[in-house]
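Proteins come first, then strands; the chains are lettered A, B, ... in the order of their sequence lines, and each starts at number 1.
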2 protein chains.
Amino acid sequence: MATAPQEVCVTDNLMHFLELSETDKRLLATLEQTPQPVAKGQQLWKASERPDTLYTLRRGWAYSMHRSESGEEQVLDIFLPGDLMGIRELTFPAHSTDVVMLTSGVVCPFPAERLLDIYQRSPSLTLAIHAAAARQQVIISKRLVNILRHDARAKIAHFVLELYYRLKRVDESVHRNFAVPLLQSDFGKLLGMTKVHVSRTLSEMENQGLLRKTRKDIQILDLDRLLEISAFDPMKLTDQLNPTLTAALPSPGPS
Amino acid sequence: MATAPQEVCVTDNLMHFLELSETDKRLLATLEQTPQPVAKGQQLWKASERPDTLYTLRRGWAYSMHRSESGEEQVLDIFLPGDLMGIRELTFPAHSTDVVMLTSGVVCPFPAERLLDIYQRSPSLTLAIHAAAARQQVIISKRLVNILRHDARAKIAHFVLELYYRLKRVDESVHRNFAVPLLQSDFGKLLGMTKVHVSRTLSEMENQGLLRKTRKDIQILDLDRLLEISAFDPMKLTDQLNPTLTAALPSPGPS
DNA sequence: GCGCAAAGACAACATGGGTTATCAGTAGCG
DNA sequence: CGCTACTGATAACCCATGTTGTCTTTGCGC
């Protein structure tokens with residue numbers, strides 16, 4: 001119950017954006033031919049390594065994080081099942097983040113060149129992958145905006161809603177109550193606050209009837225007020241593409 | 001003297017990453033056939049518009065910004081000459097930011113479909129454009145990390161160094177003293193602090209012999225200490241690409 | 001079932017930065 | 001040349017969050 005029950009593949013993810021042809025699906029499937037179980041806490045890559053492998057996350061959660069010289073950790077991405085991991089750093093000669101599994105799970109590693117290959121074979125897949133990457137970036141940008149402008153309560157509300165909507169997208173079974181394998185200290189690393197203050201604020205939010213976080217899961221008690229105080233915009237995670245682009249694709253329908 | 005003296009085109013920018021063939025250069029040049037002067041304060045796009053036009057910035061500075069319902073403004077990107085504007089939001093059905101000129105300048109608008117066209121014609125240009133986009137994103141991520149972990153002095157130091165190294169990359173004439181058309185309130189919107197505190201902190205930093213900001217420019221007084229207190233890593237803006245990718249390109253050299 | 005380590009709750013205190021207000025330069029403009 | 005609006009400096013005050021430390025709860029290995 002701690003990790004998502006079913007497996008999600010990238011195809012499930014990218015299909016949200018665009019109708020994929022059978023050829024595209026087969027091409028995508030070649031990325032996921034080598035599923036590999038990974039243990040909780042396992043590192044997929046480390047800062048300063050060369051990014052020559054990308055991963056799809058089929059099951060479990062992972063996160064990427066900056067480690068500063070002073071040993072402080074800042075979490076940048078939370079990866080959920082179906083996510084593609086590593087595109088942001090792909091063009092750099094070295095990784096700048098570590099990526100660690102938050103739970104046990106299953107990943108599919110594939111060589112970076114395979115992506116270039118896909119770019120040359122399928123414009124629609126290229127677009128879908130871009131869209132997915134852009135949404136990962138927008139998640140970070142939105143977090144930046146929110147973090148800079150709001151207090152601890154709003155930061156937490158914003159992040160919880162981010163998780164809620166991202167999870168619902170790939171897992172129908174997610175309801176007001178969903179499993180979250182994150183500690184209070186992880187919230188802190190993500191939102192740039194101390195775990196002490198996370199604890200303080202979570203207690204406060206529970207007293208106010210907003211949400212309840214236990215060790216394993218989160219229960220959303222008052223969705224409307226959470227949306228209100230965090231100014232979260234679910235549309236930012238939209239699956240809709242820019243019509244200008246889809247119209248310009250060579251073969252609009254499934255071929 | 002307030003705006004950069006010379007013009008910089010995208011080619012100048014992308015050439016940093018990769019040797020471009022003549023064909024590639026000609027292809028790129030087609031994007032910049034319609035230079036258009038823009039006035040200070042002019043908006044290039046607004047939130048909620050559909051992103052059907054991209055821009056290259058040839059001369060002048062611009063910034064993109066989120067406006068929240070409560071009217072607060074959060075600056076996300078600072079665009080400098082040579083930058084490509086609009087890729088992050090390209091795949092979304094609507095812009096989420098406003099983009100405004102900070103100075104007068106020259107931009108080259110081109111239709112979004114042209115980019116897809118380039119993707120299909122030139123793998124090396126595709127890679128170079130990705131690299132540039134990824135670096136814009138990394139700038140934001142680094143700012144996030146830095147902002148969350150450090151105090152006002154370090155935030156300002158970090159941002160000033162970001163500007164310094166980005167400017168030096170495209171403009172040889174930049175020295176310890178360089179023109180910056182940003183107000184203290186712009187610093188505030190960018191770094192998530194009030195202009196009052198920006199003022200306070202700038203005074204403090206000048207007293208400490210770190211840097212001096214006037215209305216028109218910034219003077220770096222002690223580069224080493226600025227690097228130290230901000231933990232800024234100039235390598236993050238590296239022009240180097242991932243060798244794994246360049247090796248996989250169809251035609252490695254200029255063809 | 002016991003013991004230990006990790007996670008979380010809570011309290012007391014310190015402080016960086018927000019808020020508000022006032023005043024002084026500065027730039028734009030008639 | 002002077003009016004006006006904007007930008008920046010500075011001060012007083014306050015609050016949200018960081019810091020430190022202690023105690024409780026939970027989970028896990030033996």
Quiz item: Who pairs with A/E206 by salt bridge (Lys or Arg N to Asp or Glu O under 4.0 Å), at least two apart in sequence or on another chain?
Solution: A/R212
Exercise. Specify the residue among A/H150 and B/S199 whose closest nucleotide of DNA chain D lies further upstream toward the 5′ end.
Key: B/S199
Quiz prompt | Spacing of A/R149 atom CZ relative to C/dG18 atom P, expressed in whole Å | solution = 9 Å
Practice problem: Please determine if A/R135 forms a cation-pi arrangement with B/F92, meaning its NZ or CZ atom is less than 6.0 Å from the six-membered ring centre and no more than 45° off the ring axis. | Solution: yes
Exercise. Assign B/G192 to base, sugar-phosphate, or nothing according to its heavy-atom contacts below 4.0 angstrom with the strands shown.
Key: sugar-phosphate
Quiz item: Taking atom P of D/dT7 as reference, at what distance in whole Å does atom NZ of B/K189 sit?
Solution: 8 Å
Exercise. Between B/K155 and A/L183, just flag the one whose closest nucleotide in DNA chain C comes earlier from the 5' side.
Key: A/L183
Exercise. With heavy atoms under 4.0 Å as the rule, sort A/V196 into base, sugar-phosphate or nothing.
Key: base
Exercise. Taking only the side-chain nitrogens and oxygens of B/S203, find out if one of them lies under 4.0 Å from OP1 or OP2 of D/dT10.
Key: yes
Quiz prompt | Distance, rounded to the nearest Å, where A/L202 contributes CG and D/dT17 contributes P | solution = 13 Å
Self-check item: Separation of atom CG in A/D151 from atom C1' in C/dG17, rounded to whole Å
Solution: 14 Å
Quiz item: Taking 4.0 angstrom as the limit, do A/R166 and A/E162 come out as a salt bridge?
Solution: yes
Practice problem: Rounded off to whole Å, could you give me the CZ-to-P distance for the B/R200 and C/dT19 pair? | Solution: 11 Å
Quiz item: Rounded to the Å, how far apart are A/F187 CZ and C/dA9 P?
Solution: 12 Å
Quiz item: Does the distance from a Lys or Arg side-chain N to an Asp or Glu carboxylate O, for B/R58 and B/E32, drop under 4.0 Å?
Solution: yes
Self-check item: Length of the line joining B/H197:NE2 and D/dA9:P, which is rounded to integer Å
Solution: 14 Å
Quiz prompt | Separation of D/dG8 P from B/M193 CE (nearest whole Å) | solution = 13 Å
Self-check item: Side-chain N,O (B/Q184) to OP1/OP2 (D/dA9) below 4.0 Å
Solution: yes
Quiz item: Using a cut-off of 4.0 Å on non-hydrogen atoms, how would the nucleic acid contact of B/T201 be classed: base, sugar-phosphate, or nothing?
Solution: nothing
Practice problem: Kindly indicate whether the side chain of B/R153 and the base of C/dG17 share any N or O donor-acceptor pair separated by less than 3.5 Å? | Solution: no
Quiz prompt | Electrostatic pair B/D77:B/R88 at N-O distance under 4.0 angstrom | solution = yes
Quiz item: Is any side-chain nitrogen or oxygen of B/T194 closer than 4.0 Å to OP1 or OP2 of C/dG18?
Solution: yes
